[in-house]
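All values below were derived from every heavy atom in this structure, side-chain atoms included, with hydrogens, water molecules and symmetry-related copies excluded.
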Amino acid sequence: MIVAHTWGVRGFIGRRRWSIQLLALLLILLHSAAVRAAEVVIVRASDAEPYVQAETALRDQLTKQHYTMRTVLMKDVSQKRIDSVIGKPDAVVAVGTSAAHWLHKELPASTPLLYCLVSNAADAGLLGGRSATGVTTDIALAAQFKLIAEALPKARVVGTLYRSDTPEGKSALQSLSNAMPKGWRVESVAVNEFPTLADAIDALTTKKIDIVWTTADQKLYDTAAVRTLLLAALRAKLPVWGFSPAFVRAGALIGVGVDPRAQGAQVADLVVKVIADSKKAPTGAVPPDEFQIAVNLIVAEQVGVEIPASLTDRATFVYRPEK
């Protein structure tokens, strides 16, 4: 009986040890399932360098979260069945306006859609229909006018081109007017009311304005339009606000831009929030946390403006006269 009892105790202890090991194994398996690496598919509009830079920053941030990632080009997704290329990831991130616009229409609503390096989310159709959130390249108007006031302390009248024959054009002008600092006003010219864009630009530059304000609207500002505006403004000795560093380099006095890497890092934070709890994550278009300042001191000399050192010291891009 003593032997039987001893073996019974040993058997109990063995079973208990086995049960503990089994429980530990189950906990490990459950934990592994719980922390399964989320999958994110990145859809890049093209191989353009800014998109690649944004993707690299996005990957760097999500790698720290142990996410798994795949990158596909927009042309590869659009030429094949979307489900066969993208599958069923935890989230899809569009890099570039064209990719975001297409995915907003084609991606199943059950798959979270995020984006970065997108200009004018409203025009891209991202603010209606299925839910989507992301980072735009549109700098807050208040921040833009703060920089204009710093560069041109006496500025009070802002001239701009717009389209009066579209709801988007009217809305953009209203938003601009609403954002004016106290005591400032807008002088606008509707391009659709003139025979040519050049005629509209001439009408704008002959008005009593302190600066011409531009926005990244491809319906208004293609390469030819930018060149025409800059030449007309230079003849009138009018400073121009540029919507990108490239615009400032071409001849605008001052402007802003975004760092693609900062855009990628910012949308990565949104991805983490959406995957963790979509109900608590931000919705809609989010303005960039960071932006770059560009100043053209060559143009400043030509139009008779002195840019304060406090501004040039903060600028990412400063275009100076050759010595």
Side-chain angles (χ1 to χ4, degrees), residues 48-54 57 96-97 117 119-120 136-161 176 181 184 197-198 201-202 204-205 209-218 220-264 287-323:
E49 185 61 24
Y51 299 147
V52 174
Q53 292 177 358
T97 305
L117 284 181
S119 61
N120 202 325
T136 72
T137 59
D138 305 319
I139 315 300
L141 289 173
Q144 295 185 40
F145 290 123
K146 185 176 180 179
L147 287 173
I148 291 174
E150 187 176 354
L152 305 169
K154 295 182 180 180
R156 293 295 182 272
V157 185
V158 175
T160 191
L161 299 172
L176 182 66
W184 290 36
L197 180 62
I201 290 172
D202 286 341
L204 179 64
T205 56
I209 57 179
D210 298 310
I211 188 169
V212 177
W213 181 84
T214 67
T215 184
D217 184 347
Q218 295 180 350
L220 284 176
Y221 295 108
D222 57 15
T223 303
V226 168
R227 186 182 300 112
T228 302
L229 172 62
L230 290 175
L231 288 173
L234 190 60
R235 286 195 298 267
K237 291 193 176 300
L238 267 175
V240 174
W241 170 268
F243 53 74
S244 71
F247 200 155
V248 176
R249 184 176 65 247
L253 174 69
I254 184 174
V256 287
V258 295
D259 181 351
R261 291 173 290 267
Q263 289 261 312
D289 288 337
E290 303 176 19
F291 60 87
Q292 302 168 325
I293 300 171
V295 176
N296 193 322
L297 298 182
I298 305 170
V299 172
E301 283 188 2
Q302 293 172 335
V303 300
V305 170
E306 186 173 347
I307 301 295
S310 60
L311 188 51
T312 55
D313 289 346
R314 302 199 320 273
T316 308
F317 304 97
V318 180
Y319 305 106
R320 304 177 185 274
E322 293 183 3
K323 295 183 180 180

* Do any pairs count as a salt bridge (Lys or Arg N to Asp or Glu O under 4.0 Å) and have a residue in residues 254-264, sequence neighbours left out, and if so which ones? -> D259-R261
* Quick check: does any side chain N or O of Q263 sit under 3.5 Å from a backbone N or O of L117, one acting as donor and the other as acceptor? -> yes
* Option from T215, V212, I211 for which side chain to side chain contact (heavy atoms under 4.5 Å, CB included) with W241 holds -> I211
* Pairing residues for Y51 by the ring pair (Phe, Tyr, Trp, His ring centres under 6.0 Å) criterion, not counting sequence neighbours -> none
* To do: Would you please classify the geometry between the Y221 ring and the F243 ring as parallel, tilted or perpendicular, with 30° and 60° separating the classes?
  => tilted
* Asked: Got a sec, which pairs hit salt bridge (Lys or Arg N to Asp or Glu O under 4.0 Å) with one end in residues 148-159, sequence neighbours left out?
  -> E150-R314
* To do: Please work out whether the ring planes of Y319 and F317 are parallel, tilted or perpendicular, with thresholds of 30° and 60°.
  => parallel
* Does anything in residues 229-253 pair up under salt bridge (Lys or Arg N to Asp or Glu O under 4.0 Å), and if so which pairs, sequence neighbours excluded? -> none
* D138 side chain to S119 backbone, donor-acceptor under 3.5 Å -> no
* Asked: What distance do I298 atom CD1 and L253 atom CG have between them, rounded to the nearest 0.5 Å?
  -> 11.5 Å
Can you give the donor-acceptor pairs under 3.5 Å from side chains of residues 224-234 to other protein atoms, not counting sequence neighbours?
| from | atom 1 | to | atom 2 | distance (Å) |
| --- | --- | --- | --- | --- |
| T228 | OG1 | A224 | O | 2.9 |

* Would you name the heavy atoms of L152 and V305 that are closest together and state the gap between them? => CD2-CG1, 3.6 Å
* Going from CD on Q144 to CD1 on I293, what distance comes out if it is rounded to the nearest 0.5 angstrom? -> 11.5 Å
* E49 atom CD: more than 12 heavy-atom contacts under 6.0 Å -> yes
* Scan residues 290-302 for pairs that pass salt bridge (Lys or Arg N to Asp or Glu O under 4.0 Å), counting only residues two or more places apart or in two chains. => none
